[in-house]
Amino acid sequence: MDVSAIMIKSAVVIAYAFIGTFIGLLFLGVGRKIVARVHNRVGPPFYQGFIDVAKLLSKKTNISHGWIFDLALLFSISGILLAFAFLPVGGIKLLSTDGDAFLVLYLLAIPALGFALGAGASGNPNAGIGVMRALVMMLSYELPFVITMIALMIYYDTTSIARIVELQSVNGISSWAIFIPPFMLAAAVADMALQGMLMEQPFDIPVAPHEIASGPMVEFGGKYLGTLMLYKAISIVVETTLFVDFFLGGGVIMHGGIVANIANFIVWFVLIFIVFTLSLLINTAFPRFRIEQAFTFYWKYEAILATVALIWVYWMVI
Amino acid sequence: MRYEEWSGIARKASKRSLWMVHFCTGCGAIEMPPVMTSRYDMERFGIASMATPRQADVLLITGYLTVKTLKRVVQVYEQMQSPKYVIALGSCTMNGGMYWDSYNTIKRLDKYIPVDIYVAGCMPRPEGIMNAFLKLMKLIDEGKARGWERYKKYYERYKKNQEMAFNFVKKEEKEEEKNEGD
Ligand code: SF4
């Protein structure tokens, strides 16, 4: 690849990062509105996410707790943006390569480590508890999620997310993974894992505002909290896109041409919105688990269901 | 764009996204749930309650303050990131209310931290609290809610007042110890 091609590609990736953040901030506001409607309230306007970030970034004083505290946030946000660049969005591939399913899994662990660094630097005991809980949560939901991922890889015989998306879109909607019986089970498992990734109730144990005063974020204020909100916004998009890419064909319904691209993009948007809304509805219906309950839930019930799906898929392939 | 225009936008944003930390002393905490839940729903103005002072913009004092609590309130206020605002509820924060002759409560909150808005009543009803928030939004928009600047400018005086209140308690405690010793 020559220099100009690389330049163009990086420009496209940056543009995508902006689009992802924009959609994420939109989702933050719309999500609060949905939760409010479930509570029979009016709720904030749908653009509340943008207002909040603008306010936080325009704060006049910002307390820092040393350079690790400053850099940890950049660490988190760049990790999640890189993960976004590796995911096919509406069938458009940016940096997709072979084996990127594993890579994305590793990249998704970076933000949690960034969190841990920042919270550790702030020295607040609540933050320490929060980080410990976040790492335990990560350990719990990744096991069932990885098992479902392996099932997908065995079925489609590839480790590239882009290839999985491609194979799911050969016959339009009817070839989406979610319409294949074992993957219905796997999708249900992965959706609960997604609930943990998004830190929605019943799995909002790491942030738990009433117990440990929002956990890792306890010392973040002003611009730092604003950056954290940007991270939260983009992580919603990344995690729902991961689910859509794996089970809903990445939203690809047409092939070839600019019209198909736009249509795919819109379908992708609608699908991630549906996945996000589903997780919000679960969020409003349940109280919070304790950490050991969440751990048991994922490693016992979820892992068993995921293994059943894996064996089923293996049997089908053979 | 000029600086004034930018700060105008910043004010517009901070007006529609007031995050508060409510310091529930006195009798006022009971008036907050109706303000937050579906009856009055303050979230439609972008007001949300936050877990820690670092994240908050508005400090809500909901009633009388003993001198010991005042110490914590000052700490909380100083941890908040400016621009920050204070809303004080109830007559206890204005002039002592029905605790006007109590030996261990403060009478005027304004002497210790800068208050932007007082809400009269014992206790003010949820409508009153909503009204205070709307008024605060208006003041922010006009650039008149400058309590935090006042605190910076007259820091020495505020500190002196606070010290006086704290020392008063220390003296009393010492006397009590002495009396017990006798
Ligand atoms: S103003 Fe009235 S209701 Fe409020 S704290 Fe004082 S006595 Fe209680």
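Below, all heavy atoms of this structure are taken into account, side chains as well, without hydrogens, waters or symmetry copies. Lettering follows sequence order; numbering is per chain, from 1.
- Judged by distance alone, with hydrogens and angles left aside, the side-chain atoms of A:K59 form a donor-acceptor pair with the main-chain N or O of B:P83 at under 3.5 Å.
- With chain A as partner, the option from B:Q81, B:R39, B:K15 having the largest number of non-hydrogen pairs under 4.5 angstrom is B:Q81.
- Ranking A:S58, A:G29, A:P44 against chain B, the residue ahead of the rest is A:P44, based on heavy-atom pairs under 4.5 Å.
- A heavy-atom distance below 4.5 Å is found between the side chains of B:W19 and A:K55.
- Of the candidates A:Q48, A:H39, A:R41, A:R41 is the only one forming a side-chain hydrogen bond (donor to acceptor under 3.5 Å, both in side chains) with B:E43.
- Here B:D57 is the residue among B:D57, B:I47, B:T37 with the most heavy-atom pairs under 4.5 Å with chain A.
- Around atom CD of B:E156, no more than 12 heavy atoms belonging to other residues, nucleotides or ligands sit under 6.0 Å away.
- Of the residues considered (A:V53, A:L57, A:V42, A:D52), A:D52 shows the highest number of contacts with chain B, using heavy-atom pairs under 4.5 Å.
- B:R44 CZ to A:R32 CZ: the interatomic distance, rounded to the nearest 0.5 Å, is 14.0 Å.
- Heavy-atom distances place both the backbone and the side chain of A:I51 under 4.5 Å from chain B.
- At distances below 3.5 Å, not a single donor-acceptor pair connects side-chain atoms of A:N40 with backbone N or O atoms of B:S38.
- Only the side chain of A:L56 comes within contact range of chain B, with at least one heavy atom under 4.5 Å from a heavy atom of that chain.
- Separation of atoms CD (B:Q55) and CG (A:L228) is listed at 9.0 Å; rounding is to 0.5 Å.
- Looking at B:T52, its side chain does come within 3.5 Å of a backbone N or O of A:V218 through a donor-acceptor pair.
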